[in-house]
Amino acid sequence: MTFGKGSHLHLIDGSAFIFRAYHALPPLTRKSDGLPVGAVQGFCNLIWNEISGGPTTKSTPTHIAVIFDASSITFRNEIYPEYKANRPELPEDLRPQFPLTREATRAFNVACIEQQGFEADDIIATYARLATEAGGTCTIISSDKDLMQLVGNGVDMFDPMKNKVLGVDEVFEKFGVGPDRVVDVQSLAGDSVDNVPGAPGIGLKTAALLINEYGDLDTLLARAGEIKQPKRREVLTEKVDQIRLSRELVTLRRDVPVEDALADLVCKRPDAGALMDFLSRMEFRTLTRRISDKLGVEAPAITEAPATPAAAEAAPVAEQIPFEPEKYACVRDLETLLGWIDRIRDQGFFAVDTETTSLDEMRAELVGISLATAPGEACYIPLIHSEGSDDLFGSAKLLEGQIPAEAALAALKPVLEDDSILKIGQNIKYDAKIFARRGIKVAPFDDTMLMSYAMFSGLHNHGMDELSETYLGHKPIPIKPLLGSGKSARTFDKVGIEDATKYAAEDADITLRLWQAFRPRLHRERVTTVYETLERPLVPVLAQMEMHGITVDRQVLSRMSSAFAQSMAGLEAEIHEMAGETFNVGSPKQLGEILFDKLSLPGGQKGKNGAYSTGADILEDLATEHELPGKVLDWRQLSKLKSTYTDALQNHINPETGRVHTSYAQTGANTGRLASTDPNLQNIPVRTEEGRRIREAFVAAEGKKLVSLDYSQIELRILAHIAEIPALKQAFRDGLDIHAMTASEMFGVPLDEMTPEVRRRAKAINFGVIYGISGFGLARNLRIPRDQAQAFIDTYFQRFPGIKDYMDKTISFAKEHKYVETLFGRRIHTPEIGAKGPSAGFARRGAINAPIQGTAADIIRRAMVRIPAAIADLPAKMLLQVHDELVFEVEESAVEETIARVKAIMEGAAAPAVEIDVPLIVDAGVGMTWAEAH
DNA sequence: ACCTTCACG
DNA sequence: GACGTACGTGAAGGTG
C-alpha cells in the first residue's frame with residue numbers, strides 16, 4: 001500500500017517515551033529473575049493501543065513507525081560539543097530496557113527506525129514532511145516540546161499518557177507563538193535540559209514577547225539596537241553568535257536521508273507467534289491475555305520460575321546451541337563488517353573481545369577483534385596478522401584479506417561509544433584500555449568477570465575458561481597450542497587467521513553466553529547493587545589510574561641496586577667464612593643443613609617435605625646463639641629489596657611513557673580488595689628504614705607533588721561499628737590512641753602510665769581480633785607462652801563482650817548461608833565453613849575477617865568511584881590505591897584544594913548507603929616523593 | 001609446578 | 001584432647 005491522500009502516519013517518539021514511562025510508572029520487575037521491565041510494559045501497552053485502536057488512541061493510523069535515538073552523538077555535537085552534555089547518567093535499571101523496547105517494536109511487527117548521527121526528532125521531522133508532501137497526515141506520538149515546531153499543515157501531536165492532542169492552540173499556549181516561530185523563541189530562551197545556551201537572561205515569556213513584537217528572530221536581531229531595555233539590548237547585540245548557534249541546535253532537520261520509504265511503514269498485522277513469545281518471555285500476563293484474545297490465539301502459559309537458592313551449586317546450564325568453531329565468520333572486508341555492525345545496532349548489545357600481542361595493555365598491539373551477537377553467532381576481524389619474522393623495523397609482511405586496522409576501528413568506534421548499545425566483555429578493562437589507546441571510549445559495558453565476582457566470590461575464580469566450564473559446560477579452545485611456549489613462543493599476530501578465528505570468536509561467543517546466564521541471575525543473587533555501585537563503575541577509574549602510571553626514577557633505583565649488591569657480597573663472604581664452606585645463601589635447603597646439621601644449632605624443625613624451616617622468626621631466635629643467622633637475615637633483606645624492587649621496577653618503566661603502569665585485578669581478592677600486579681605497587685617497602693628508601697624513587701613529575709591520603713585505622717573502626725563495642729566507638733569519637741586505650745582497659749594501666757610494651761601487646765590483640773584471633777596465633781606473634789596469650793584474649797572478650805558476640809554470630813550466619821556479607825551487601829562465600837579438620841579453622845577466621853576487610857574495601861571503592869568527577873577541574877590525577885591509601889599527582893598550586901576535596905569524599909564514602917557510628921578519619925601527606933608524602 | 005620466603009595493608 | 005593456625009595479597013628464587 002502506497003502512502004498518499006487519506007493515509008495517516010503515526011510516528012512514535014520511542015526513546016522519549018521510554019524515559020517517560022520509566023519515570024511515570026511504578027517500577028516493575030520480571031518475576032522470575034528481577035529484570036526491570038516497567039518501561040517495556042508501558043511501551044508495549046502504547047504500541048498495542050496504537051495498532052489496535054485502543055482507548056487512548058486519537059486516530060487509527062494506516063502507517064506507523066517507532067523512532068529511536070541511535071546514539072547521543074549527533075551532528076549537533078559537532079557544531080556545539082556541550083549539546084546535551086549535562087544529561088544525568090542513565091539509571092541502571094533503565095539501561096537494559098532499551099534493547100528490549102526495540103525487540104518489542106519488532107515483535108509487534110512495527111517499523112523500528114533509527115539513524116546514526118541524527119536524533120529521533122530529526123527523523124520524525126523528516127517523515128512528517130514526507131507524509132504531508134505526499135498528501136497524507138501525520139500524528140506524532142510524543143509530548144516533547146522540541147517537536148512542536150512541526151505542528152500544523154496536517155501534522156499534530158498526541159500525548160498518550162495524558163491522552164491529549166497537541167495542536168496549534170496548545171503550541172500557542174506553551175510558547176506564546178505559532179509553530180512557525182517556535183524555533184525563534186527556543187533560540188532565545190535556550191534549554192537547560194538540552195544545554196542549549198540561548199540568550200542569557202531571556203526566558204520563554206520575554207522571548208515570545210520580542211518575537212511577537214518584531215515578527216521573527218532575524219528581524220529582531222537586525223533591529224536589536226532599538227530595544228529600550230538596556231539589558232535586553234545588550235544581550236541581543238552581543239550574543240548574536242550564541243543565539244544563532246542555538247537556532248541551529250533547536251531547528252529540526254527535515255532532510256535526513258531516511259532509508260525506509262513511507263510505503264514501507266504500512267501497518268502490518270503482528271506475527272502472533274513471535275509476539276506471544278516475546279510477551280510471555282517478559283512475563284506480561286495481562287497484556288499477553290488481552291492480545292491473545294484479540295488475535296484469536298492461545299495464550300502461552302507463563303510459568304512462575306521458582307527463585308533458586310544460593311549460588312553454591314552452580315549447575316551447568318544445559319547447552320542449547322552447540323559450540324561450532326568452524327561456523328564462526330572471519331570478517332575480511334569492510335562491507336561484511338558493516339553488516340555485523342548493522343546487526344549490532346538492531347539488537348542493542350553484543351560481546352566484544354580483543355586479541356593482542358601482549359598481556360601488558362600499555363605495550364600491546366591490537367591484532368584482531370571478535371564480536372558475538374547471539375549464541376553461536378560470532379566473528380573474528382583479523383587486522384594485523386603477519387607471516388614470518390619481523391624485519392628490522394618490527395613489521396613483517398601483513399597477510400592478505402585483512403581490513404586496514406584504521407578503517408575497521410573507524411567503523412567500530414561509533415558502536416563502541418554508542419550509549420544505547422551495550423558492550424559485553426570478560427575483563428573488559430583490558431579491552432577498554434586497548435581501545436582507549438586508540439582514542440575509543442567503550443561505554444556502556446557489562447563485564448561477565450565482574451558479574452561472576454559479585455555473585456560467586458569465594459566459590460571459584462573468575463577467568464573465562466573456568467566460568468565457561470562451570471556455567472556453560474564447555475571447555476574453550478586452549479590458547480597454549482596456538483602461541484606455543486618457550487623457544488617456539490609467538491605472539492597472536494603470528495597465529496594463522498583460520499585458527500585465530502576459531503579461538504577468538506569463541507571467546508566472544510562464550511562471553512555473550514555467560515552474560516545471558518549471569519544477567520538475570522545477578523538479581524536473584526541480590527548482588528545487583530554491588531555490581532552496579534562497587535564493580536562496574538570502578539572499571540574506568542582503574543583503567544585511568546593504570547594508564548597514567550607513576551614516575552619512577554631509574555637512577556635512584558640503579559644506585560640502590562649497586563649498593564645492595566656490594567653489601568650482599570660482603571655479607572656473603574662473612575657467611576661463608578662462618579659456615580666454613582661456600583653455599584647458596586639464597587637456598588633455604590642448603591642454609592638449613594648448614595645451620596642445623598653442620599653447626600647443630602637448636603630448634604631445627606623439618607617441615608612436611610623434609611626441609612628445615614628457615615623463616616625470619618626462626619633465624620631471629622637463632623641470632624642469640626650464633627652470628628651467622630643474623631647475617632643471613634641482613635642478606636635476605638637486601639636480596640629481597642634488590643631483586644623484587646630496585647632491579648625489577650626498572651624493568652617495568654614503560655619506554656614510551658617513562659612511567660610504571662601497574663594493573664589492578666578487581667577480582668583478585670575474595671574480600672573485595674584490589675590486587676596489584678606487574679608490578680605489584682601495593683607492597684613497596686615501608687616498615688624498615690632501608691626499605692622505605694625505595695619510595696624515594698617514586699617521584700612527582702616536574703612542577704607537581706605526590707599527595708597521599710590514607711584512612712586511619714579503618715578496619716578497627718569498622719569492627720567497632722559492626723560488633724557494636726561502645727568503649728571502642730567512644731574512643732574513636734574522642735580521637736584517642738586506640739591501642740593505648742585498649743591496653744588501659746585490658747591491663748588496668750592508666751593512659752598516662754602506658755608503656756610502649758603494653759601498648760604493643762594491645763595493638764597485636766586488636767589486629768588479632770580482626771584476623772579471627774587464636775591463642776596460638778597471638779602467642780606466636782607476641783612470642784609469649786600460649787596460655788598467657790589465651791589469658792589476654794579471655795580478658796579482651798570480657799572487657800569487650802560485643803566482639804565475641806560478633807564472632808559467634810558471623811560464624812553461625814556463615815554456617816547457615818554459606819557466605820558472609822559486608823555492610824554494603826558484598827557477599828563472600830565460605831563453602832568450607834562446615835568442614836571438619838584443619839581447614840575449619842581457616843574458614844572460621846576467614847569468615848570473621850571478610851566482613852571487616854571487605855567493608856573497608858567497599859568504602860575506598862566508593863570513594864574512588866566518586867573522586868574523578870570531583871577533581872575533574874583540578875590538575876590532579878589519582879595514580880595508586882594501596883588498600884587504605886590513595887596516591888595522587890597534583891600540580892603544586894592545586895595541592896590544598898585536592899586534599900580538601902578528596903579527604904571529604906573519603907571520609908564520607910560510606911554515606912548515604914551506610915551510616916557508620918564512628919568517624920572515618922583520613923590523614924594526608926605531600927612531598928616530592930612517595931617517601932615524603934606517605 | 002610447587003614451595004618458601006618476605007614485601008605490603 | 002588433638003589437630004594446625006593469625007586475615008588478605010604478589011614476586012622472586014630454589015627445587016624437583
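Computed from a prediction, not measured in an experiment: that's the story for all the values here. Both backbone and side-chain heavy atoms feed into the values below; hydrogens, waters and symmetry mates do not.
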To the nearest angstrom, the CG-C1' distance between A:Asn683 and B:dT5 comes to 13 Å
If you look at every strand shown and take non-hydrogen atoms under 4.0 Å, does A:Arg786 touch a base, only sugar-phosphate, or nothing? base
Between A:Thr614 and B:dT5, does any side-chain N or O lie under 4.0 Å from OP1 or OP2?
yes
Does the side chain of A:Ile859 reach to within under 4.5 Å of the side chain of A:Ile718, using non-hydrogen atoms?
yes
ask   = Quick one: does A:Arg687 reach the base of B:dG9 with a side-chain donor-acceptor pair under 3.5 Å?
value = yes
Do A:Thr662 and A:Thr677 make a side-chain contact, defined as non-hydrogen atoms from C-beta onward lying under 4.5 Å apart? no
Taking only the side-chain nitrogens and oxygens of A:Gln713, find out if one of them lies under 4.0 Å from OP1 or OP2 of B:dG9. no
A:Asp617 atom CG is separated from B:dT4 atom C1', nearest whole Å, by 12 Å
A:Arg695 CZ to B:dG9 P, in whole Å, measures 6 Å
Under the side chain to side chain contact (heavy atoms under 4.5 Å, CB included) criterion, do A:Asn584 and A:Leu591 qualify, and how do the steps go? CA-CA 7 Å; A:Asn584 185 348; A:Leu591 175 67; over 6 Å; no
According to a strict under-4.0 Å criterion, is A:Ser774 in side-chain N/O contact with OP1 or OP2 of C:dG4?
no
- Checking all strands, does A:Asn670 fall into the base, sugar-phosphate, or nothing category for heavy-atom contacts under 4.0 angstrom? sugar-phosphate
For the side chain of A:Arg845 and the base of C:dT5, is some donor closer than 3.5 Å to an acceptor across the two?
-> yes
Using a 4.0 Å heavy-atom cut-off across all strands, classify A:Gly841 as base, sugar-phosphate, or nothing. nothing
Answer yes or no: does atom CZ of A:Arg759 have more than 12 heavy-atom neighbours from other residues, nucleotides or ligands under 6.0 Å?
-> yes
Any strand, both distances under 3.5 Å, Watson-Crick or G-U wobble: C:dT15 pairs with B:dA1
query = For A:Phe842, which contact category applies under a 4.0 Å heavy-atom criterion: base, sugar-phosphate, or nothing?
reply = sugar-phosphate
Across every strand shown, the nucleotide meeting Watson-Crick or G-U wobble geometry with C:dG10 (both distances under 3.5 Å) is B:dC6
Closest of C:dT15, C:dC7, C:dG10 to the A:Asn680 side chain is C:dG10
